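Reviewing the structure listed below.
Letters go in sequence order (proteins before strands), and every chain restarts at 1. Given the structure is predicted, the values throughout are model-derived calculations rather than measurements.
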There are 2 protein chains.
Amino acid sequence: MAITLRASDRAYQRLRDEIVDWELPPGSALGEVEQSTRLGVSRTPIREALARLTADGLVAPQTGRGLVVTDISTDNIREMFEVRQALEMQAARLAALRGDPVVFAVLEREFLAVPALLDQDDPARHNYYGLVARFDDAVDDATANPYLVTALRSLRTHLVRVRRLAKDNPARLSAAAAEHLTIVQAILDRDADLAAHATHVHLHRAMRSALDSVETASPSILPSA
Amino acid sequence: MAITLRASDRAYQRLRDEIVDWELPPGSALGEVEQSTRLGVSRTPIREALARLTADGLVAPQTGRGLVVTDISTDNIREMFEVRQALEMQAARLAALRGDPVVFAVLEREFLAVPALLDQDDPARHNYYGLVARFDDAVDDATANPYLVTALRSLRTHLVRVRRLAKDNPARLSAAAAEHLTIVQAILDRDADLAAHATHVHLHRAMRSALDSVETASPSILPSA
DNA sequence: TAGCAACTTTCTGTATACACAGTGGGATTT
DNA sequence: AAATCCCACTGTGTATACAGAAAGTTGCTA
């Protein structure tokens with residue numbers, strides 16, 4: 001049975017989802033009373049939710065009074081990937097040292113099956129993103145490092161926000177699957193250097209793809225400067 | 001004029017300092033009413049402070065009801081340094097690429113002066129830690145990467161908590177100054193690889209020193225398991 | 001005596017009330 | 001007509017009241 005989560009948790013998740021999904025675009029002002037009436041709870045849990053969002057960097061204090069949804073520039077995207085590279089290369093190294101072969105053997109088989117999956121229809125895309133999420137979880141788990149996992153989780157929130165802008169095309173998904181497969185196999189071979197370098201390559205391509213996609217598809221959403 | 005900070009901010013800083021300084025040792029229960037009477041504010045700002053401490057990982061929900069100060073094992077220390085290595089090597093690389101030569105030239109001169117400083121009395125130690133803090137700030141600033149800075153800041157809280165346990169001896173301080181000097185000079189030379197590798201070396205030695213110091217000086221504070 | 005159950009107490013989560021500060025608008029004066 | 005000052009209002013920060021849940025305690029029963 002799922003623990004009944006608190007109103008503040010629900011408010012946090014709701015607001016975070018709305019920001020990440022760009023329903024609340026950058027610059028949106030978030031007043032406490034406004035949100036409390038909208039979400040049907042009192043100001044107290046809303047305050048707690050907004051405090052967490054501020055800590056996450058999804059929301060920032062405006063000049064003077066009030067909070068606004070933060071914006072994301074292409075420079076921000078590059079900066080995110082600089083951090084992501086550092087953290088995920090280390091995570092891949094640690095997973096190669098400590099990973100459970102059984103878990104990653106299953107993932108290997110799944111990534112091998114992706115090309116067939118991508119020939120199918122749209123639900124396949126959800127399946128693929130679900131697979132990547134399971135891969136991330138497996139790596140997180142394999143690192144056995146709560147500090148690393150915390151840092152990665154925090155960063156991933158922002159990365160998901162970018163991904164919602166920069167829809168991947170099928171060609172990119174196919175290439176990404178091959179890159180993931182290389183990482184998984186390196187982990188299975190306990191080859192830490194290869195796992196790290198394959199992660200580097202993957203992230204380099206992922207960033208290129210994201211930047212290209214964002215710059216062509218939705219330049220209007222990004223800050224004009 | 002300094003902005004009058006809110007009661008919740010003061011409560012957060014106070015509690016965080018007490019945890020980092022081991023005045024509130026691991027396992028200490030933090031009740032809301034208890035802390036609100038102790039700090040002389042109402043439960044509302046205390047709740048906000050405790051929520052932030054929980055997000056920081058300094059406090060965690062106990063089984064059932066209540067929050068307790070988290071403990072730190074020697075494994076945790078190794079894990080922190082795994083993350084620190086990833087983040088600070090990347091930061092050193094970026095600082096080498098983007099750093100302001102004037103700033104780092106000043107730091108170089110200061111690190112060169114450390115050996116003379118360490119011959120003096122106890123206040124010298126404060127000066128040295130202040131210098132290291134300025135070095136960290138300079139690197140943070142040079143990376144021009146808010147996500148990296150956020151991740152590093154979060155981690156440093158835990159590292160300071162470890163440092164409070166593991167007092168550095170003068171020999172270690174002297175060696176650390178030399179290591180810092182190497183990093184600064186690599187940044188000045190715009191040699192990203194050298195800056196990263198010198199950081200790696202520095203952190204490896206710092207971790208060894210911390211683990212040795214903790215294991216000999218205060219094994220009682222760490223979890224028995 | 002041991003185990004279980006009901007009650008009491010205490011603490012958390014939420015709502016609301018209150019005080020204060022900052023901002024915008026309007027009116028008055030030059 | 002423009003600028004400045006004052007007032008009102010909106011919104012944040014803090015305190016407190018209230019409800020519900022969980023842990024401890026006490027008493028009863030087997």
Could you give the [atom1]-to-[atom2] distance, from [X] to [N], as a whole number of Å?
{"X": "B:Arg47", "N": "C:dC11", "atom1": "CZ", "atom2": "P", "result": "14 Å"}
{"X": "B:Gln62", "N": "D:dA22", "atom1": "CD", "atom2": "C1'", "result": "13 Å"}
{"X": "B:Leu30", "N": "C:dC11", "atom1": "CG", "atom2": "P", "result": "13 Å"}

Self-check item: From CA spacing to verdict: side chain to side chain donor-acceptor pair (under 3.5 Å), A:Asp212, A:Ser209
Solution: CA-CA 5 Å; A:Asp212 289 348; A:Ser209 168; over 6 Å; no

Quiz item: Side chains of B:Gln13 and B:Arg10: is there a donor and an acceptor less than 3.5 Å apart?
Solution: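 On atom types as modelled, these side chains do not qualify, holding no pair under 3.5 Å.
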
Quiz prompt | Test item: side-chain donor near acceptor, B:Asp168 and B:Tyr128, under 3.5 Å | solution =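 Absent: no donor and acceptor within the cut-off.
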
Quiz item: D:dT14 phosphate, OP1 or OP2: any side-chain N/O from B:Arg6 under 4.0 angstrom?
Solution: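 No, no such contact exists.
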
Quiz prompt | Phosphate OP1/OP2 of D:dG13: any B:Ser8 side-chain N/O under 4.0 Å | solution =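 No.
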
Practice problem: Keeping the roles fixed (side chain from A:Asp100, backbone from A:Val102), state whether a donor-acceptor pair exists under 3.5 Å. | Solution: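 Answer holds: yes.
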
Pairwise N/O distances under 3.5 Å, protein to nucleotides 16-24 of chain C:
{"residue": "C:dT16", "atom": "O4", "partner": "A:Thr44", "partner atom": "OG1", "Å": "3.4"}

Quiz item: Between A:His202 and A:His180, how do the two ring planes meet: parallel, tilted or perpendicular, split at 30° and 60°?
Solution: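 Tilted, since the angle between the ring planes falls between 30° and 60°.
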
Quiz item: Within a strict 4.5 Å, meaning less than it, do heavy atoms of the A:Arg16 and A:Thr157 side chains meet?
Solution: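 Yes, their side chains come closer than 4.5 Å.
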
Quiz prompt | Nucleotide nearest A:Glu32 (side chain, heavy atoms from C-beta), chosen from C:dT12, D:dA15, D:dG13 | solution =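 Nearest to the side chain of A:Glu32 among the choices is D:dG13.
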
Quiz item: Between D:dA15, D:dG11, D:dT14, which one does the side chain of B:Val41 approach most closely?
Solution: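 So the side chain of B:Val41 is nearest to D:dA15.
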
Exercise. On DNA chain C, check which nucleotide each of A:Asp9 and B:Val33 is closest to and give me the residue with the more 5' one.
Key: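 Result: B:Val33.
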
